[in-house]
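Structure first, then comments.
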There are 2 protein chains.
Amino acid sequence: MPSTGPRPVAVELNAVLVALIDDEPQVLTLEDGALLPSGPFEGDHPTLQAGVRAWVERQTHHPLGYVEQLYTFADRYRESTMGYRIVSISYLGLTRERAAAGQHEPGWQSFYRYFPWEDWREGPPKVLARAILPRLKSWIDAVTDDARRQRRQRVEGNFDLSDWNEELMLQRYELLYEAGLVPEAGRRRKPVADPVPGEPMHYDHRRILATGIARLRAKIKYRPVVFELMSPDFTLGQLQRAVEALAGRPLHKQNFRRQVEQQGLVEETGAMTAGTGGRPAKLFRFRREIVLERAVAGSKLPLARS
Amino acid sequence: MPSTGPRPVAVELNAVLVALIDDEPQVLTLEDGALLPSGPFEGDHPTLQAGVRAWVERQTHHPLGYVEQLYTFADRYRESTMGYRIVSISYLGLTRERAAAGQHEPGWQSFYRYFPWEDWREGPPKVLARAILPRLKSWIDAVTDDARRQRRQRVEGNFDLSDWNEELMLQRYELLYEAGLVPEAGRRRKPVADPVPGEPMHYDHRRILATGIARLRAKIKYRPVVFELMSPDFTLGQLQRAVEALAGRPLHKQNFRRQVEQQGLVEETGAMTAGTGGRPAKLFRFRREIVLERAVAGSKLPLARS
DNA sequence: ATTTATATACTCAAATTGAGCATATAGGTG
DNA sequence: CACCTATATGCTCAATTTGAGTATATAAAT
């Protein structure tokens with residue numbers, strides 16, 4: 001008979017911890033890149049957020065500038081071998097990293113190792129035309145009539161090379177999963193014979209990673225979160241490269257500066273860079289007060305009279 | 001000694017279930033408006049979303065058009081009397097309701113019963129100038145120096161009458177809570193002596209409600225979710241009143257139609273309304289295919305050359 | 001001296017947005 | 001019926017915002 005007490009459930013935390021190292025967007029991983037850092041939710045933390053913060057800072061020895069909840073999963077397949085259910089709560093965290101000592105820090109992996117088709121900084125990734133689109137075409141043609149029309153619309157809406165939308169990253173990943181082009185361990189699905197380029201991860205960690213990056217890509221457009229990834233002083237060029245790294249696409253330099261400056265997000269420190277080759281750049285710092293002043297968001301409704 | 005098995009945890013689901021009844025945005029409640037519908041997560045559902053959907057549809061006998069996860073709470077104070085921890089996962093759900101039989105359906109309550117300062121459809125709510133702003137002023141003046149400057153900036157950013165931002169609803173609620181102007185049961189805080197107008201709820205349900213409405217207010221601007229609340233055929237006037245009800249502010253009629261039409265979200269049914277007093281209006285229906293075609297989002301980055 | 005990089009200032013046309021005028025067509029009223 | 005009120009719909013126009021350049025400045029490298 002059903003007990004009225006709590007069902008045995010384990011609460012697990014997953015973190016998508018992001019840093020920029022040498023203009024490359026990186027995520028902290030374990031097991032040679034196959035796992036996101038995860039840990040149990042300890043009972044002695046007052047809140048979930050505090051738990052994540054304490055736990056990540058203990059692991060990385062870096063202060064966590066920004067933490068945001070991503071999503072909670074409790075799917076059926078998420079069961080331990082002991083039979084109890086697992087609830088996974090995932091978080092996005094942003095941290096500041098100095099330039100890498102060597103090539104890259106152990107554990108830090110570039111976003112685009114997992115999603116090579118998402119890096120448009122140097123133009124359209126070849127993997128799209130070469131491997132992904134043809135296979136999506138086959139996937140479309142594997143059915144007929146209305147189902148085919150639906151598949152075609154989804155592919156066209158999410159993979160339009162002539163009008164790429166970097167925010168649709170999660171939806172693209174999910175579509176590739178449905179089309180059987182990316183493997184995902186732990187799900188009951190026939191194994192993917194010939195996956196598309198891009199490293200897989202264990203369990204659904206690649207999906208969680210996609211969720212985190214997609215959220216970040218959306219957020220940098222209306223909230224000043226990039227600054228959590230920058231060192232205190234930076235040039236507008238560095239700031240631009242940071243945004244480009246996250247969004248995965250090149251920006252128009254002059255318009256980027258105009259936007260940043262007229263939003264009043266930064267102020268000059270007075271100092272300049274030196275020895276970078278090319279004209280020295282002014283150094284800026286983020287005006288942290290702005291966060292309090294303008295809790296802005298992107299309105300678009302056609303409002304009426306004042 | 002600490003066991004390695006799962007800590008006893010109960011998973012609870014909360015729902016912010018929204019419907020429009022007679023142009024009034026309503027939320028389904030229990031206990032005479034003091035509780036959001038909540039229930040345990042049954043182990044026999046494949047996913048959380050399926051659990052919410054089944055459970056809500058069983059309670060309301062209405063199909064749930066749209067479901068979205070809001071937030072997961074596991075705060076310290078969220079403990080049952082039995083000593084185990086409670087994880088609350090809250091959802092936003094949209095459903096279609098016909099016009100009310102009588103005054104309003106039992107259980108359905110207007111948003112603005114809980115947040116009267118958020119309804120700007122008839123201009124600035126008097127409660128703001130009369131009750132809220134003076135008390136926030138006192139709250140600012142209760143401290144000095146930098147703390148006072150910070151409080152002032154937060155109040156000015158979130159309660160600017162001359163530039164009201166309906167999306168900041170959650171932040172405003174949280175500020176009122178911090179300022180001791182709204183009560184919230186279950187939190188260890190001194191009871192609020194003289195709360196500002198607006199019905200309270202048990203536990204943190206009013207906060208969850210604010211989270212849901214704020215999310216909805218943000219979402220209607222870039223996703224066609226309003227249509228989940230409309231009957232299949234509607235006039236542009238009805239659609240506008242629906243958006244106004246959710247956003248809590250009046251819209252410019254001609255610009256609203258322009259926006260809706262040029263986005264290609266709707267198509268004429270061919271029929272017209274009758275007997276409404278005034279010129280008859282064309283009836284429209286939502287073009288559901290559009291969701292597949294354009295998985296749009298609101299870009300704002302200054303992109304570079306194609 | 002010239003080339004190559006980067007930084008920064010300024011311009012201009014196209015597109016979007018905010019605000020309003022004008023007209024159409026119903027119901028209600030004296 | 002003539003007129004008023006209410007809603008719907010079509011269209012215009014100026015202000016702002018955005019996308020895409022051109023032009024110039026200042027460093028390092030050849």
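Hydrogens, waters and symmetry mates are skipped; everything else that's a heavy atom, side chains included, is used. Below, chain A is the first sequence line, B the second, and so on; all start at residue 1.
- Between A/Phe286 and A/Phe227, the ring-plane angle classifies as parallel under the 30° and 60° cut-offs.
- Of the possible donor and acceptor atoms, none in the side chain of A/Arg223 sits under 3.5 Å from a partner among the backbone N and O of A/Ala218.
- In this structure, the CZ atom of B/Phe234 is 13 Å from the P atom of D/dA8, given to the nearest Å.
- Rounded to 10°, the helix from C/dA1-D/dT30 to C/dG30-D/dC1 has 10° between the axis fitted to its first five pairs and the one fitted to its last five.
- Among residues two or more places apart in sequence or in another chain, the salt bridge (charged side-chain N to carboxylate O under 4.0 Å, His left out) test is passed with A/Glu68 by A/Arg215, A/Lys219.
- A heavy-atom distance below 4.0 Å to DNA chain D is reached by these residues of residues 253-260 of chain B, ordered by number: B/Lys253, B/Gln254, B/Arg257.
- In this structure, B/Phe115 and B/Tyr173 have perpendicular ring planes: the angle between them is above 60°, well past the 30° mark.
- Spacing between atom CG of B/Leu239 and atom C1' of D/dT9 amounts to 15 Å, rounded to whole angstrom units.
- Atom CG of B/Leu303 is separated from atom P of D/dG21 by 13 Å (rounded to the nearest Å).
- Minimum atom distance to the side chain of B/Gln262 is reached by C/dT17, of the listed C/dT17, D/dA27, D/dA8.
- The pair A/Glu122-A/Arg249 does not count as a salt bridge, with every side-chain nitrogen at least 4.0 angstrom from each carboxylate oxygen.
- Between B/Arg287 and B/Glu261 there is no salt bridge, since no side-chain nitrogen of the basic residue lies less than 4.0 Å from a carboxylate oxygen of the acidic one.
- Note: NE2 (B/His252) to P (D/dC11) measures 16 Å, nearest angstrom.
- What separates CZ of B/Arg249 from C1' of C/dG18 is a distance of 13 Å, to the nearest Å.
- Following rounding to the nearest Å, A/Leu301 (CG) and C/dG18 (C1') show an atom-to-atom distance of 13 Å.
- Across the interface with DNA chain D, nearest-nucleotide mapping of B/Glu261 and A/Pro280 shows B/Glu261 to be the residue nearer the 5′ end.
- Distance CE (A/Met272) to P (D/dT26): 9 Å, rounded to an integer number of Å.
- Not a single side chain to side chain donor-acceptor pair (under 3.5 Å) links B/Asp233 to another residue, sequence neighbours left out.
- Checked by atom type and distance alone, the side chain of B/Thr273 never pairs as donor or acceptor with a backbone atom of B/Leu283 at under 3.5 Å.
- Of the side-chain N and O atoms in B/Lys282, none sit less than 4.0 angstrom from OP1 or OP2 of D/dT7.
- Qualifying side chain to side chain donor-acceptor pair (under 3.5 Å) partners for A/Arg152, counting only residues two or more places apart in sequence or in other chains: none.
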Discussion item. Side chain to side chain contact (heavy atoms under 4.5 Å, CB included), that's the test. Do A/Val260 and A/Val266 meet it? Break it down for me.
Written reply: CA-CA 7 Å; A/Val260 169; A/Val266 299; 3.9 Å; yes
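- For the pair B/Gln240 CD and D/dT7 C1', the computed distance is 11 Å after rounding to whole Å.
- Applying the salt bridge (charged side-chain N to carboxylate O under 4.0 Å, His left out) test between A/Glu166 and each of A/Arg217, A/Arg172, A/Lys221 identifies A/Lys221 as the sole match.
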Nucleotide N/O of nucleotides 2-5 of chain C paired with protein N/O under 3.5 Å:
none

